[in-house]
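Data block below; observations after.
Just so you know, these numbers come straight off a predicted model, no measurement behind them.
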Amino acid sequence: MSRVGVTFQAIALLASIGLSSAAQAIDVPYSKGVLTVDDSKWFTIGAGGDFATCREALNHLPEGGGGGVIEYLPGTHVDSCPIYGSRGGNIMITGRLGPNGERPIVTPPTYIDAQGVTQSEWFLFFRPQGNDTLVVQNLEIKDSFTAIETENNQGLIVRNVFVNGTTGGNGITVGEAPAFEGQFETWAEIYDTEIARAGGGNIRHNIYVHRIDEVIVDNMYSHSSNNSHAFKSVARNNVIRDSEFATTDKPFNQILPSDTFLSSTLVDLASCAAVSITNNVFRGVLVDQRDRDPGFGPSTTHMVDLRRRKTGVQGCDTPEYGTPEHDDPAFWAEVAAGGISQSNELLFNHDISGNTFINDGEREIVAVSNWGTEPIEDNGISFGQPEVDLPIPPGWIERSIAWLKNNTTVGDIQLEKTWPTDVTTPLIFNLDELDVIGSIEEAEPPVFNGFKFGFVLYETTPPGEVPESGTLWAFATGAIGLIIFGIGIRRRRHTPG
């Protein structure tokens, strides 16, 4: 079945044009309201621009975290953009689109390490001093070690970005903010973005979201990860909608022994987290290395995995495993009755509805698996060693439930799988009759809902310049008073970018 290409019309509300010259600020709408970026410091990068590199421009941002806008001009750049400490504030790293919507391409510099091996730098590393947010848009980031990484910040917005391969790191890493734990909500939102051929070594992925409060993914295409997952998150709340996750962008009969993808799970989430997975397409293929050259495969075995988490910072237990409260049967009875004030952290529902699970190969793939929340720990030897089941406390209850509704399978799919547990609580409920299609040829192409909830910023305009036709902020909201502009972006599934 051919991939789906969706052309989106830019839709804008007159009142939500992002540039406010009086306030000297750009207003960036997102799920929680409006983010303000100071545009009084707006620098362009490239031939004919203000500076040759992002590093030069960063030296001219306000001390103490004032923020600003750094814009790459059309063309190809060799550059990296590390943002630390006093260079914080709300910062926008953007690209000026070409006449046909082409994103500027940025490839980081390389260096020779201590072993004499050529390595790529990170393109963008954001580590400010507090509740600051990074906006990245309208760029193709190519052959970086890690394309975008944040740490110790409040928020991240990524829009209309193509991460075109990494050399060993994650495509996007969303880090925690341990220095500010409990002081503000930490979040990330990713819209209208493609990530391909990133990750490596089973601990680096196309996207890796650490223990933040919330991540929202809308209209993303993540595929062909290198020995890793298309999307991995241990965030407390996960919203994944209108996106596609695929083992590879190649047809099954074109897979070669030299291909490096090994995406054992397309979407890997914590079973002790709130999860909403709606209106997505999952395309998997399982290739056994016995059918190929040594070292090749297996590839995808599970499409959505709700995994147990180890005790400690990323553990499933609140309070901490082994404490008197945790081992008190009365505590768990209260949890089961819904009487605990922090019940959102203790009872974990997973809404998995309206998705299409497609197996492009000939060997069975599991669509959704749930490991439950039984306490486990590492065996203390090294990474990759078997985990150890811990004793279950008196009165302990299973709290992870996946609710499946209105999903479709195509090809050889096992819809659900639960792992052996010592309790009888079901981990997955299928709420209706599954729509099963026997072969790829019988299936209708999956249809995306476009910007049902999100918005897209196609291009910003520096202060004092008049925006050209079709370059205003686009905000898809379904509200009245919308104006349709004659500009579209087609997401091509065969040709990256």
Any donor-acceptor N or O pair under 3.5 Å, side chains N226, S228: no
All side chain to side chain contact (heavy atoms under 4.5 Å, CB included) counterparts of N153, not counting sequence neighbours: F126, P128, T150
Y208 ring center within less than 6.0 Å of H210 ring center: yes
Criterion side-chain contact (heavy atoms from CB on, under 4.5 Å) against N219, the qualifying member of I190, T193, D192, N280: D192
Contacts of Q183 that satisfy side-chain hydrogen bond (donor to acceptor under 3.5 Å, both in side chains) - sequence neighbours left out: none
Pair H223, T247: side-chain N/O donor-acceptor within cut-off below 3.5 Å: no
Contacts of type salt bridge (charged side-chain N to carboxylate O under 4.0 Å, His left out), residue D351, not counting sequence neighbours: none
Salt bridge (charged side-chain N to carboxylate O under 4.0 Å, His left out) contacts touching residues 109-127 (sequence neighbours left out): R55-E121, R127-E151
Cationic N near anionic O, under 4.0 Å, E189 to K32: yes
Pair D268 + R307: basic N to acidic O under 4.0 Å: yes
Results of side chain to side chain contact (heavy atoms under 4.5 Å, CB included) for N238 - residues two or more places apart only: V215, S233, A235, L269, A273, V275
F123 and Y72 aromatic ring geometry - parallel, tilted or perpendicular at 30°/60° bounds: tilted
Within residues 129-161 or reaching into it, pairs that qualify as ring-ring contact (aromatic ring centres under 6.0 Å, His included) - sequence neighbours excluded: W122-F145
